[in-house]
2 protein chains.
Amino acid sequence: MQVLSTTEENYLKSIFQLLKEGSEKVGTNDIAELTGTKAASVSDMLKKLAAKQLLSYQKYQGVSLTEEGAKTALLILRRYRLWEVFLVEKLKFNWDEVAAIAEELEHVKAPPLVRRLDEYLGFPKFDPHGDPIPDEFGEWSHTPRMILQEVSPGNAGKVVAVTNSSAAFLKYLDKVGIYIGARIEVVDKVEFDGSLELRVDGEKTSFLSREVAANLQVILHPS
Amino acid sequence: MQVLSTTEENYLKSIFQLLKEGSEKVGTNDIAELTGTKAASVSDMLKKLAAKQLLSYQKYQGVSLTEEGAKTALLILRRYRLWEVFLVEKLKFNWDEVAAIAEELEHVKAPPLVRRLDEYLGFPKFDPHGDPIPDEFGEWSHTPRMILQEVSPGNAGKVVAVTNSSAAFLKYLDKVGIYIGARIEVVDKVEFDGSLELRVDGEKTSFLSREVAANLQVILHPS
DNA sequence: TATGATTTTTAGATTAGTCTAAAAATAATT
DNA sequence: AATTATTTTTAGACTAATCTAAAAATCATA
Ligand SMILES: [Mn+2]
Ligand SMILES: [Mn+2]
Ligand SMILES: [Mn+2]
Ligand SMILES: [Mn+2]
């Protein structure tokens, strides 16, 4: 397990996330967009990471991570999410404020720090957005989840994760009273625009657009 | 208050510490030694920091910090020591294990993070080694202290700080039962080598070399 | 399948931080 | 005061990470 620069770690994590939400291979431009750089810079970095055996790369063909690359990415994600938990649980930040700070803290690599932080936080399994936290071996538990948008009317479930962590999205959820753990019943689904009418915690009635509902993951209650 | 790179911050903090423990001006070689670089690199950096008004510098004449440079250094030291407190108080690291980790964490600059960390820790005034923690304006309280080595036999005091934070020194203190807050009575001082015989917490009798006693600060009990 | 559009790579520069080796300045010692 | 020793600066080079502009490869579509 080699020592990587902050930049290399950021690229690796970005590639991992693109792979997770899409196809087998990711392209140079997608990486450039996510990392806020230009395609030319990405090309250089891909060669570097390929030389380090962290990804497999043939010119013009896109990249995928090697076993080692994926594991390395998971350990970075582990640090990122543990710090997110710390910031929300201990320092009382709101869940929409922690991304940028955790993005810096994740690069402090001292292994005893990560271990003790994990212990101090009570070995959390999920971060404030419901995303699973890999263990020290890069393993995580992934319970099958449903996208709220795909739940048909009459069913109820519990919100377990958000798949968008932008401040705008999270603030909106705060406003309409949706949080990780909230109980949601889908009352109706509008044919025209795919928006949902639902009850939150048995009380409040909300209307969510298709875009919003597509970014909420739930576990259905047995009916 | 400009944004500085990690490297610039490390130089600035090093220069501050050299100034605090010595003369009016510090030399290029001293800085190189403390930062683990070469004199040539230091010369370059001095020009850069002088251009940013953080230190005053004339070729071959050594440097001193400007008002702004000193304040900036104090704010870095603030972050460094707050993280030290966190690592010892919350994550249960020993006081000899925290230097390298805090040295990295100090560069995470998000201001709300520092504020909330301070609050979370209960606004500590001193770090685990007894060093004062500057407030958000770069101010700190400095009670007058005595060096244990200079306390004459028959007097007693309380250990308030160590002026060496090397793991070797701190582990040795652990071994002989000396800690911040320990009550110490100077029983005798050996003329020959300046070593001290003393009682710790009224119980154990210890013998400390001149070097060790020179790195302990105490406040005398009124006699 | 040729042609145009898009994506990706290369070529060549730039900046921050570092180094070694040589030159210049300052300090110490005959 | 001259000479030697030490310290500091400069000159020139290197690496990591970035960019723009141009070339090359792939993809899409007529
Ligand atoms: Mn990051
Ligand atoms: Mn998260
Ligand atoms: Mn540092
Ligand atoms: Mn300290």
Side-chain angles (χ1 to χ4, degrees), chain A residues 2-15 18-19 22-65 69 72-73 76 103-104 106-109, chain B residues 2-15 18-19 22-65 69 72-73 76 103-104 106-109:
Chain A
Q2 13 189 355
V3 174
L4 301 180
S5 71
T6 291
T7 307
E8 290 171 321
E9 289 192 335
N10 284 334
Y11 273 98
L12 214 51
K13 203 179 64 166
S14 293
I15 294 167
L18 288 170
L19 283 168
S23 44
E24 286 294 295
K25 294 274 175 74
V26 286
T28 305
N29 271 336
D30 302 311
I31 301 169
E33 192 182 358
L34 189 58
T35 55
T37 59
K38 296 300 167 71
S41 310
V42 174
S43 274
D44 283 348
M45 182 56 79
L46 292 183
K47 282 182 218 153
K48 243 178 89 177
L49 294 175
K52 293 189 177 188
Q53 320 274 339
L54 296 170
L55 47 83
S56 39
Y57 169 58
Q58 288 141 262
K59 278 200 224 177
Y60 294 100
Q61 300 313 131
V63 288
S64 58
L65 293 177
T72 304
I76 302 165
E103 193 60 52
E104 288 194 60
E106 71 183 344
H107 304 292
V108 178
K109 284 179 281 282
Chain B
Q2 12 187 356
V3 173
L4 301 179
S5 70
T6 291
T7 308
E8 290 171 323
E9 288 192 336
N10 283 335
Y11 273 98
L12 214 50
K13 204 180 63 165
S14 294
I15 293 166
L18 288 170
L19 283 167
S23 46
E24 287 292 297
K25 296 272 176 73
V26 285
T28 305
N29 271 335
D30 302 310
I31 300 170
E33 192 183 358
L34 189 57
T35 54
T37 59
K38 294 301 166 69
S41 310
V42 174
S43 275
D44 283 348
M45 182 54 79
L46 292 183
K47 282 183 217 153
K48 243 179 88 177
L49 294 175
K52 294 190 177 187
Q53 320 275 341
L54 296 169
L55 47 84
S56 39
Y57 170 58
Q58 289 141 261
K59 279 199 223 175
Y60 294 101
Q61 299 315 129
V63 287
S64 59
L65 294 177
T72 304
I76 301 164
E103 192 61 52
E104 287 193 60
E106 70 183 344
H107 303 293
V108 179
K109 284 180 282 285

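All of these numbers come straight from a predicted model, not from anything done at the bench. Here is the naming used below: chain letters follow the sequence lines, and residue numbers restart at 1 for every chain.
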Between atom [atom1] in [X] and atom [atom2] in [N], what is the gap in whole Å?
X: B/Met45; N: C/dT15; atom1: CE; atom2: C1'; answer: 12 Å
X: B/Gln58; N: D/dT9; atom1: CD; atom2: C1'; answer: 15 Å
X: B/Glu33; N: D/dT8; atom1: CD; atom2: P; answer: 12 Å
X: A/Asn10; N: D/dA16; atom1: CG; atom2: P; answer: 17 Å
X: A/Leu49; N: D/dA16; atom1: CG; atom2: P; answer: 12 Å
X: B/Lys25; N: C/dA27; atom1: NZ; atom2: P; answer: 11 Å
X: A/Ile31; N: D/dT18; atom1: CD1; atom2: P; answer: 13 Å
X: B/Lys52; N: C/dA16; atom1: NZ; atom2: P; answer: 8 Å

Exercise. Nearest heavy-atom pair of A/Ala39 and A/Thr28: which atoms, and what distance?
Worked result: O-CG2, 3.5 Å
Distances under 3.5 Å between nitrogen or oxygen atoms of protein and nucleotides 22-27 of chain D:
residue : atom : partner : partner atom : Å
D/dA25  : O4'  : A/Tyr60 : OH           : 3.4

Return the set of residues passing side chain to side chain contact (heavy atoms under 4.5 Å, CB included) with [X] (not counting sequence neighbours), or none when no residue passes.
X: A/Glu104; value: B/Val108
X: A/Ala40; value: none
X: B/Ser14; value: B/Leu34, B/Thr35
X: B/Ser56; value: B/Ser64

[X] side chain N/O closer than 4.0 Å to the phosphate oxygens (OP1, OP2) of [N]?
X: A/Asn29; N: C/dT6; result: no
X: A/Ser43; N: C/dT10; result: no
X: A/Thr28; N: C/dT9; result: yes

Exercise. Do the non-hydrogen side-chain atoms of B/Gln2 and B/Leu54 ever get within less than 4.5 Å of each other?
Worked result: yes
What residues form a salt bridge (charged side-chain N to carboxylate O under 4.0 Å, His left out) with [X], not counting sequence neighbours?
X: A/Glu103; value: A/Lys13
X: A/Lys52; value: A/Glu8
X: A/Lys109; value: A/Glu9

Could you list the protein-to-nucleotides 19-21 of chain C atom pairs, N/O on both sides, closer than 3.5 Å?
residue : atom : partner : partner atom : Å
C/dC19  : OP2  : B/Lys38 : N            : 3.0
C/dC19  : OP2  : B/Ser41 : OG           : 2.6
C/dT20  : OP2  : B/Lys38 : NZ           : 3.1

